[in-house]
Each structure stands twice: as C-alpha cells, then as structure tokens.
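This report refers to the structure that appears directly beneath it.
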Number of protein chains: 2
Amino acid sequence: MTTRWLTGKEQRAWRAYIAATHLLEDAIDRQLQQDAGMPHLYYSILANLSEAPERRLRMTDLAEKSKITRSRLTYAVTRLEKDGLIRREDCQWDKRSSFAALTDEGMAVLERTAPGHVETVRAAVFDHLSEEQVERLEEISSAIVRALEGEETPRPTSDEVPWRRRSSPCSGSS
Amino acid sequence: MTTRWLTGKEQRAWRAYIAATHLLEDAIDRQLQQDAGMPHLYYSILANLSEAPERRLRMTDLAEKSKITRSRLTYAVTRLEKDGLIRREDCQWDKRSSFAALTDEGMAVLERTAPGHVETVRAAVFDHLSEEQVERLEEISSAIVRALEGEETPRPTSDEVPWRRRSSPCSGSS
DNA sequence: GACGCTTGGTTAAAGTTTGAAACAAACCTA
DNA sequence: TAGGTTTGTTTCAAACTTTAACCAAGCGTC
C-alpha cells in the first residue's frame, strides 16, 4: 500500500501545530512552576479535584480525567500530598479504591494562582484568536479527541466488546 | 486588576485542546516507540536533520528547530549517537560548536518508519478535518507560535533591545 | 468456597527532562 | 593583549515519566 503523504498545506499545519503545542506547554510549565511551584499537569490535577463533588475523586477517575496513567498519578499525588495540597482517603464501598481529596490549602493555592494561569493562557492563545477561530479550535480538537478515544485498546482481536466503563460508584452525594 | 476569566466558549475550546494534544502526543509516542524504538521528540530530531543541508546542524540550531532546551538535546543526541543514528562532528569555524549529523543508518530508519508515522497522524488528525479546518489549524497554531516566540526573554527591564539572533554561521554550503 | 479473571492501586528500576552551574572558545575593548 | 563578557555546549543532581511487575480486593462460576 502506497503511503498517503501529507500535502503541503497539511504539512505546514502539522508543523505549526507541533511547534505551538510545545512552546505553549513550556510557557505554561514555566509560569506555573514559578508562581505555584508545580508543573501544569499537577496544577490541572488540583483543578480537576476542585470541580469534583466534595472536591475528591477516586484515583482511577482522576487519572482518566487527567488523561494520564495511574502510576503517573500515584507519583504526582504522593508529591502533592507531601506538599499538603491533597489528602488520600479510603473508600468505604470498595476497599481497593482510595480517594484523592483537595485540602483547604490546596484549594487556596489554586485560588491564588488561577488568575496568573488564566492570564498566561490568554496572552498566549485567546488574545490572538477571533471568536470564530476559537470555535474552530474547539471543533478541530474535539475531532482529534474523538478519533483517539475511539480506538482505545488497539486490537481486541476477537469480538468487538462494546464495553462501557461503569460510572464511578462511590463519588456520589454527600 | 480583575482577572479576565475565560468565557464558556473559550473554556470548552481550551479543554478540548489540552485533551487533544495529550492524547495525540501519547498516541504518536506509542506508535513510534513501537515501530522506530524512540519517542516522537527523537524522531523529529532525526527528521529535522534529514532536511538540513548536508543532513547536519549545529546543536543550538537543532535545539531551536526542535523547540527544546540545549541540555535536553544533548541527552537525546547522546542516546541517538549510541544507537548509531547520529554522529557528532566538530565545527571548523567555531571551535565551541559541534554538529549533529544524520548517519546513513539514521536516514534508513527514518525512511523505513516515515510511512507508519504519517499514517498515524492522518488517522488521528487529517482524516477527520476538512480542508478549511486544516487552514484554520495552521492559522491558529501560527498565531500561538508568534505570541510565544515574540516574548522570549520576558523582561529586558531597561531598553527594549531589538536584538536579532544572527543566522547560524557555519551551516553553509558544501 | 476455591479457582481464575478483572479491577484499583502501588512499587521498583530504568529512562528522560529540567535548571543551574561549569567550562571553554570566541569576542570586545581599553 | 589582558580582562571581562558573551556564546555554545556539557555536566550534574533532582524531579518526573514509563514500563513492567506486584498485591490485594471484588466478581463469577463451577
């Protein structure tokens, strides 16, 4: 099968995209490291928790929301726990599970540093985009996410299991 | 100064963008690790070299093209040199500099694995975008790059030095 | 209710990245 | 041309990521 190479237009778009994402991640990491003492990933872990019911999530759910592996999350949470920004809690319903819960101090850090973070994102991205471009960015990004979330396990080989992950059982109400 | 928070639209775009870039980098890393035995960054270092005159670049220029720090590049080149895909060469004109040059074996690896890489990029991105969206993606990405390359050194504090990096002196002709 | 499979989470070791500091060659200037 | 500065690169330690086990708790079933 002959390769479907990228067209000139696609190639330009691809290179610009790669450059943009790398520069952007670097810039955000630098800013957050400076102002919050942690890289972007760790910041968004805290942010994810802050939006969850009771400001806590099971490790697996948090990993999924953060799009990272569980082991990577374990390391991050250990570090953030040492810093006093996160607390681990046991799950009553499922003795295997454990929660990561945002502490008050963690919430405080988040509130203190959010403005600077938003400002960085604005300065790097949204201040330079028209409303129409913002919409396109969302469309394009979503298309990529769909394409990549669709495949998940590359080859189930036999029957296509239309398996749905059950929604987390014990992140329920008060 | 009151924070200019992201609008709902911007927030959706931002989250989709973050998710897309992370999933995409992961997918590409997995594929290249599998097929070429190296992560995306290392692959694009080789790719950058393959397009340079004489298939070689000074370390600093290569770092700049690859949008990474020099120390990160040093590590990567050391590894790729061990693998026999890159060779270091001294610079005659400036004894401080050194070149990284793509070996024939490196070129071969690139040629062998490029089709699979392109296929992955297509499957994740371009197969799902209209021509118009590709153009927007390029526009948007370029805007971000401009925003971030513009600032470089955050605060020259005193006078705005409109300093231009001189183009690499010894990546010239044969 | 013991076997086996799956899920939730951690650990250990190897690999990579970062950021600051070290070095050496090149440059500038009095 | 001696002294200080800039530039190109590397080195080192600490932080982070990955990969492949590992353990323990739930689940299914015979």
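Because only heavy atoms are used, hydrogens play no part in the values below, and waters and symmetry mates are left out as well, while side chains stay in.
- OP1 or OP2 of dG9(C) has at least one side-chain nitrogen or oxygen of Thr60(A) nearer than 4.0 Å.
- As rounded to whole Å, 11 Å separates atom P of dG9(C) from atom CG of Asp90(A).
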Cut-off 3.5 Å, no hydrogens considered: what does the side-chain donor-acceptor table look like for residues 36-46 of chain A, sequence neighbours left out?
residue	atom	partner	partner atom	Å
His40(A)	ND1	Glu25(A)	OE2	3.0
Ser44(A)	OG	His40(A)	O	3.1
Ser44(A)	OG	Leu41(A)	O	3.0

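- Where Asp26(A) and Met59(A) each meet DNA chain C at their nearest nucleotide, the meeting point lying more 5' is that of Met59(A).
- Scanning for salt bridge (charged side-chain N to carboxylate O under 4.0 Å, His left out) contacts around Arg88(A) gives Glu81(A), with sequence neighbours left out.
- Rounded to whole Å, atom P of dT10(D) lies 9 Å from atom CD of Glu81(B).
- Atom pair Leu41(B):CG and dC16(D):P shows a separation of 19 Å (rounding to whole Å applied).
- Nearest nucleotide to the Arg72(A) side chain, out of dT17(D), dC16(D), dT10(C): dT17(D).
- Among pairs with a residue in residues 97-121 of chain A, those fulfilling salt bridge (Lys or Arg N to Asp or Glu O under 4.0 Å) read Glu119(A)-Arg4(B), at least two apart in sequence or across chains.
- Nearest-nucleotide positions on DNA chain C for Gln33(A) and Arg88(A) put Arg88(A) closer to the 5' end.
- When each of Ile140(B), Val125(B), Thr21(B), Ile144(B) is tested with Tyr17(A) by the rule side chain to side chain contact (heavy atoms under 4.5 Å, CB included), just one qualifies, namely Thr21(B).
- Rounded to an integer number of Å, the gap from CG of Leu32(A) to P of dA15(D) is 18 Å.
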Going through the checks in order, is the side chain to side chain contact (heavy atoms under 4.5 Å, CB included) test met by Gln33(B) and Asp29(B)? CA-CA 6 Å; Gln33(B) 193 68 57; Asp29(B) 270 340; 5.8 Å; no
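- Remark: Arg15(B) does not engage Glu138(A) in a salt bridge, criterion side-chain N to carboxylate O under 4.0 Å.
- Among the atoms of the strands shown, base atoms are found under 4.0 Å from some heavy atom of Thr74(A).
- Listed pair Tyr75(B) / dT17(C) fails the phosphate criterion, with no side-chain N or O lying under 4.0 Å from OP1 or OP2.
- When all heavy atoms of Val134(A) and Phe126(A) are compared, the closest pair comes out as CG2-CD2, 3.9 Å.
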Contacts under 3.5 Å, N or O only, protein and nucleotides 2-5 of chain D:
none

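- For the pair Leu80(A) CG and dA15(D) P, the computed distance is 14 Å after rounding to whole Å.
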Would you mind building the protein contact string for nucleotides 20-26 of chain D? One character per nucleotide, 5' to 3', B for base within reach (heavy atoms under 4.0 Å), S for sugar-phosphate only, - for untouched. -----BS
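- Rounded to whole Å, the distance from CZ on Arg70(B) to C1' on dT11(D) is 14 Å.
- Residues Glu139(A) and Arg12(B) are not paired through a salt bridge, judged by the lack of any N-O separation under 4.0 Å between the basic side chain and the carboxylate.
- Put simply, CZ on Arg79(B) is 5 Å from P on dT16(C), counting in whole angstrom units.
- Scanning for side-chain contact (heavy atoms from CB on, under 4.5 Å) contacts around Asp35(B) gives Gln31(B), with sequence neighbours left out.
- Put simply, CD on Glu64(B) is 15 Å from C1' on dT9(D), counting in whole angstrom units.
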